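All chains are named by letter (A, B, ...) in the order of the sequence lines, taking the proteins before the strands, and each is independently numbered beginning at 1. Only this structure's heavy atoms are used, side chains among them; waters, hydrogens and symmetry mates stay out. Here the structure is a predicted model, which means the values were calculated and not measured.
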2 protein chains.
Amino acid sequence: MRKIGLNSTRENILQFIHGFIDERGYSPTVRDILKGCDISSTAVVQYHLDVLEKEGRIHRDPEIFRSIRLSEKKGSVMVPVLGTIAAGSPIPVPNSDNWSNQAVDTLELPQDMVGKKPVFALKVKGQSMIDALIDDGDIVLMEAADSAANGEMVAVWLKDREEVTLKRFFADKDKVILQPANQTMKPIEQRADNVEIQGKVIGVIRKL
Amino acid sequence: MRKIGLNSTRENILQFIHGFIDERGYSPTVRDILKGCDISSTAVVQYHLDVLEKEGRIHRDPEIFRSIRLSEKKGSVMVPVLGTIAAGSPIPVPNSDNWSNQAVDTLELPQDMVGKKPVFALKVKGQSMIDALIDDGDIVLMEAADSAANGEMVAVWLKDREEVTLKRFFADKDKVILQPANQTMKPIEQRADNVEIQGKVIGVIRKL
DNA sequence: CCTTTTATAGAACGAATGTACCACATTGTC
DNA sequence: GACAATGTGGTACATTCGTTCTATAAAAGG
């Protein structure tokens, strides 16, 4: 396994801060983070903290020790964006608790958008999901699942095509009908053992 | 020069810490408390913090800045002990929110001992309540009230005697019967307009 | 009264810590 | 490739801040 892409350290720092506060009840110092994240310079920590604050994900008071506060408001949930989804690339289904570790980004959402169950998000790459009215750059909110009720929007892995798409799901005997959200497009019929449900889509977010 | 009774500063400090954390999201320093409570030496603050920690009302980590944590556990309620009650001294009935300000002590109680309504406590001075089976040093848990149902234990102010006692309350037409908890003692009959209910007793705590 | 406990002051030491500055590596873009 | 944007290292300064020491006053106990 690897750490694809970009800024794992920054997410790591955020994760560490969260854990530190959870454990100790107060914020870590720059040097606490340094040790906790295996960074070898306070400047690096300072740099990432600056970015995190500029992004509004933490708050600090200048020259006040241990003044870092996470901006996870009460009634809000932080949803980890685990990576990107595109046709041809299987979704890296998360395993329980180390989600936020590998998250490349984080979303803050009001509680009512997510249920009680753990939720993750994926950024859509390319127009491959366009038939489900999902454009490039959109973010799909997902809930891990390996089955679905009829009519639910799911991310399915088509074994023969080696492709992932978002479709509305209908079971029909030993077959499965995948209906694009776009009505002008025809549904796809698949054998049940050819489709593998990756998760239920519980929301789509488009930032403009 | 000033300050009436005993240790209002210590309670004041605790109150200040609570407010500070509430406002800023992190603990105050010794010098924050110094300024916030009009104390003129860090040693004084240090002294009171030591006591508070020894009493288990706060937690600190040595040599770590802003590491004060309040030990108000979830599911517990902090009940202010407003003062002492003794025959002859009227109860200082609290007005809403500035209770904890004038509190001389604080009790931590499990939630089920108190209802949803605000509750305060009084320390009993002397044996004047002995006929209600309440000894010197006991603590009575009270809920502010100006009326009571028959059979409830209340703190009543007898106007003519200028005296406060704890008795079981029974209304009888325009008269009121005050029955000591101790059955061997005779009930007192009073005219209704002579008694003034200060609060209902909802519990007694005896520390041995 | 005298002694002990509790509370308040003032000052200072030294460690903890936010911050700034500089150099360098990596990556992305045109 | 060249240049900018981004991420990493190293170091050092100036405060911030916990802690300790000593002295004095006020209250409590006997």
Whole-Å distance, A:Leu52 CG to D:dT6 C1', equals 14 Å
Value for CD1 (B:Ile197) from CD (B:Glu152), rounded to nearest 0.5 Å, stands at 8.5 Å
Expected string for nucleotides 17-22 of chain D under the B/S/- scheme (protein heavy atoms, under 4.0 Å, primed atoms plus P, OP1, OP2 as sugar-phosphate) is BBBBB-
In whole angstroms, the gap separating P of D:dG9 from NZ of A:Lys35 amounts to 16 Å
Residue set satisfying side chain to side chain donor-acceptor pair (under 3.5 Å) with B:Glu196, at least two apart, ordered chain then number -> none
A:Ile58 atom CD1 is separated from C:dG18 atom C1', nearest whole Å, by 13 Å
Taken to the nearest whole Å, NE2/B:His48 to C1'/C:dA9 is 12 Å
Hits for ring-ring contact (aromatic ring centres under 6.0 Å, His included) against B:Phe16, two or more places apart or cross-chain, chain-then-number order -> B:Phe20
Residues at least two apart in sequence or cross-chain that pass side chain to side chain donor-acceptor pair (under 3.5 Å) with B:Asp193, listed by chain then number, are B:Arg191
### Message
Check this for me: does the side-chain of A:Ser40 come within 3.5 Å of the base of D:dG9 through a donor and an acceptor?
### Response
no
Between its two end axes (five pairs each) the helix from C:dC1-D:dG30 to C:dC30-D:dG1 turns, nearest 10 degrees, through 40°
Between B:Ser40 and B:Leu34 the two heavy atoms that sit nearest each other are C-CD1, 4.2 Å
Whole-Å distance, A:Leu49 CG to C:dG18 C1', equals 10 Å
When rounded to the nearest 0.5 Å, the distance separating CG of B:Leu49 from OG1 of B:Thr42 is 10.5 Å
Test side-chain contact (heavy atoms from CB on, under 4.5 Å), reference B:Leu166, set B:Val201, B:Leu178, B:Val154, B:Val156, output is B:Val201
Separation of D:dA25 atom P from B:Tyr47 atom OH, nearest Å, is 17 Å
Taken in chain and number order and not counting sequence neighbours, the residues that satisfy side-chain contact (heavy atoms from CB on, under 4.5 Å) with A:Ser67 are A:Arg60, A:Asp61, A:Ile64, B:Tyr26
In whole angstroms, the gap separating C1' of D:dT16 from OH of B:Tyr26 amounts to 12 Å
Heavy-atom nearest pair, A:Ser71 first then A:Ile58, reads OG-N, 3.5 Å
From CD of B:Glu55 across to P of C:dT6 the rounded distance in Å is 11 Å
